[in-house]
Amino acid sequence: MLCTMAALRLAFGWPTPTELIFDRVFPKLTVEFFIGSLVKAGGYTPLKLRGVYGAIGGQLVVAAVGGVVYAWHVSRREKQRDWRFVAVGVLVVTIVMFALLWPQTLTNYAGLPPATARVVAALEMLISFGMCGAAIVWFHSLLTTSRSPARRDAGRRRFIAVAIGAGMSLAFGSMLRRLFQIGTFLYDGRQYGGPGVQKITPNDQFYQVSKNLVDPLVARDSWRLDIIGAVEQPRAWTFAEIAALPSVEQETTLLCISYGVGSGLCSNAVWKGVPLPTLLEQVKPKPHVAAVLFHAADGYYEMFRFDKATEPTTLVAYEMNGEPLPQEHGFPLRLIVPGLYGEKSPKWLTRIELLEDSDSRLRGKYGFYREQGWARQGDEIPIHSRIDAPQVWGDHFAEAFVVGKTHELRGMAFSGDNGVSKVEISTDDGDTWDEAEIHQPGTDISWSLWRYQWMPDEAGESQVVVRAYDNDGEQQISEFRDQVPDGATGLHRVRATVNAA
Ligand SMILES: Nc1nc2c(c(=O)[nH]1)N[C@H]1C(S)=C(S)[C@@H](COP(=O)(O)O)O[C@H]1N2
Ligand SMILES: [Mo]
């Protein structure tokens with residue numbers, strides 16, 4: 001059964017029940033429980049791995065119980081085997097699992113359109129649970145010795161059973177290794193920061209956040225994007241149809257709600273794509289549309305208010321810094337939603353659903369992260385600023401400053417979707433402030449890079465602090481707030497040691 005699941009996942013991107021169960025359960029956890037487990041496991045990757053081993057163990061236990069029940073049934077009926085009993089069992093388990101996992105059955109890691117994805121998910125379960133049933137019958141008949149004439153034969157049969165079992169374990173192990181190699185473990189949580197920060201983040205250094213064990217590898221030709229729900233004319237587009245529409249190029253910064261003050265889950269790129277309003281015009285939204293709910297190939301779903309979807313800077317993007325969207329950033333197409341936390345910019349987008357204000361999903365909280373309790377207080381990014389250079393280690397500069405010498409401080413400032421008008425630096429823990437130079441200004445929806453020449457005039461310890469203002473002159477919030485669950489606020493403070501010349 002496990003071999004079948006792994007093979008279907010590797011060859012065709014069919015979702016494994018393990019992944020569907022994870023995604024079904026994850027939104028039901030509270031954000032506090034999730035972060036607590038993550039910290040206990042020592043990070044998101046170790047937590048994901050624990051989940052995988054737990055799930056594999058769990059499936060072995062369930063299959064073993066199935067085997068025991070079958071053996072008990074067969075011996076009670078004094079039969080040699082009973083295919084009917086197994087077939088009914090497999091069907092019942094498939095139906096129950098499919099019903100329990102219904103919302104997640106849209107998942108297809110090759111990017112099949114949602115309706116087909118549902119059929120494929122059902123087929124996957126039927127085939128892999130069927131494999132389990134067949135293996136139980138077959139191993140049982142190999143291992144039952146009551147009717148075999150000679151003891152020698154029984155020994156031989158046992159040997160064959162063990163050899164096949166071992167061979168399958170080896171095959172499963174190697175498929176698991178392959179899945180691990182293409183898994184998110186190597187890049188999920190990648191951060192971008194430090195003295196090397198450039199205005200435009202290179203694609204391979206762009207920060208990365210994924211809920212998945214193995215990210216989708218979408219087949220662009222069979223992939224479709226559809227818009228359904230409260231619209232007059234629902235429709236689906238092929239990739240070529242979207243690429244043929246008038247496009248824009250737009251520099252936009254993304255920032256994850258898990259961005260901690262001074263950390264690196266934030267990057268900036270030039271995205272090319274089609275403004276979402278262009279697609280919305282074609283489907284004619286009904287008058288009382290209040291929100292957009294989107295779905296992705298990995299079963300990810302989130303929503304945001306409708307007026308954000310009608311802004312010309314909300315894009316369906318297919319290029320990043322002049323290249324096709326990299327796989328880990330949402331190939332072939334993702335949403336770019338300026339001003340909202342990164343979780344509202346779905347990658348591997350497959351479906352957009354417009355919801356009327358009467359939709360019950362609006363009143364309950366709905367969304368992969370929203371259900372957990374992230375962004376309860378709103379999904380808009382507040383003003384942020386960060387010191388990137390000289391090199392910072394934890395809460396202090398890596399190297400000491402020298403009295404009378406000029407040192408260049410550098411960093412970024414970002415306000416979501418309201419530009420950056422001013423950046424100020426304090427070298428005395430916020431007692432006095434001096435304006436920094438914005439030498440690489442951004443747009444309303446992208447970060448600005450600033451620099452400041454500091455010549456310390458006395459030796460000792462001090463705190464360097466940065467704060468920014470947006471285009472309305474609003475000042476960055478200085479009160480510290482943890483990133484969990486509503487996103488961080490507070491100023492980036494870095495301890496500096498100043499030595500005498
Ligand atoms: N389909 C899908 N979209 C997704 C996610 C995901 O796991 N699956 N993660 C979200 C989160 S939490 C963030 S912060 C951004 C990260 O985008 P990036 O990895 O391209 O930087 O993608 C968002 N879109
Ligand atoms: Mo995120």
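All values derive from a computational prediction rather than experimental measurement. All ligand and atom numbering here is 1-based and tracks the order in the structure.
Ranking protein heavy atoms by distance to atom 16 (C) of ligand 1, first place goes to Y207 OH, 3.7 Å. Closest to atom 11 (C) of ligand 1, if we only count protein heavy atoms, is E343 CA, 3.7 Å. Regarding atom 7 (O) of ligand 1, its nearest protein heavy-atom neighbour is K211 N, 2.9 Å. Nearest non-hydrogen protein atom to atom 17 (O) of ligand 1 is R334 NH2, 3.2 Å. Among protein heavy atoms, atom 8 (N) of ligand 1 sits closest to D298 OD2, 2.8 Å.
Taking every non-hydrogen atom of W348 and a distance limit under 4.0 Å, the qualifying atoms of ligand 1 come out as 1 (N), 2 (C), 8 (N). Each of the atoms 14 (S) of ligand 1 lies under 4.0 Å from some heavy atom of C256. The ligand atoms of ligand 1 that sit less than 4.0 angstrom from a heavy atom of F206 are 21 (O). Atom numbering of ligand 1 starts at 1 in the shown order; those under 4.0 Å from a heavy atom of P346 are 3 (N), 24 (N).
The residue among A297, S345, S267, S210 with a heavy atom at the shortest distance from atom 24 (N) of ligand 1 is S345. The closest heavy-atom contact to atom 13 (C) of ligand 1, among the options G189, G342, A269, A296, comes from G342. Closest heavy-atom approach to atom 3 (N) of ligand 1 among the candidates K347, H295, M320: K347.
Ionic pairing of R351 and E353 is not present here: no N-O contact between side-chain nitrogen and carboxylate oxygen is shorter than 4.0 angstrom. Using a 4.0 Å cut-off between charged side-chain N and carboxylate O, D226 and R235 make no salt bridge. Contact check on K308 versus E302 returns no salt bridge, with no Lys/Arg side-chain nitrogen under 4.0 Å from an Asp/Glu carboxylate oxygen. Using a 4.0 Å cut-off between charged side-chain N and carboxylate O, R9 and E124 make no salt bridge. Remark: R410 does not engage E437 in a salt bridge, criterion side-chain N to carboxylate O under 4.0 Å.
Judged by the shortest distance from any of its heavy atoms, K344 lies outside the 4.0 Å radius around the atoms of ligand 1.
Looking at V209 against ligand 1, both its backbone and its side chain come within 4.0 Å, counting heavy atoms. Using a 4.0 Å cut-off between heavy atoms, Y341 makes no contact with ligand 1 at all.
For the residue pair T253 / N268, a side-chain donor-acceptor distance below 3.5 Å is found, with atom types taken as modelled.
Remark: R495 is not positioned above the aromatic ring of W393, lacking an NZ or CZ atom under 6.0 angstrom from the ring centre and at most 45 degrees off the axis. By the 6.0 Å and 45° rule, R190 does not stack over the aromatic ring of Y207.
In this structure, H295 has its ring center at least 6.0 angstrom away from the ring center of Y300. Between W223 and Y109, the distance from one ring center to the other does not fall under 6.0 angstrom.
The shortest N or O to N or O distance between H329 and ligand 1 is under 3.5 Å. Looking at Y369 next to ligand 1, no N or O pair under 3.5 Å apart turns up. Of the N or O atoms in Y300, none lie within a sub-3.5 Å distance of an N or O in ligand 1.
Applying the 6.0 Å contact sphere to NZ of K40 captures no more than 12 heavy atoms from other residues, nucleotides or ligands.
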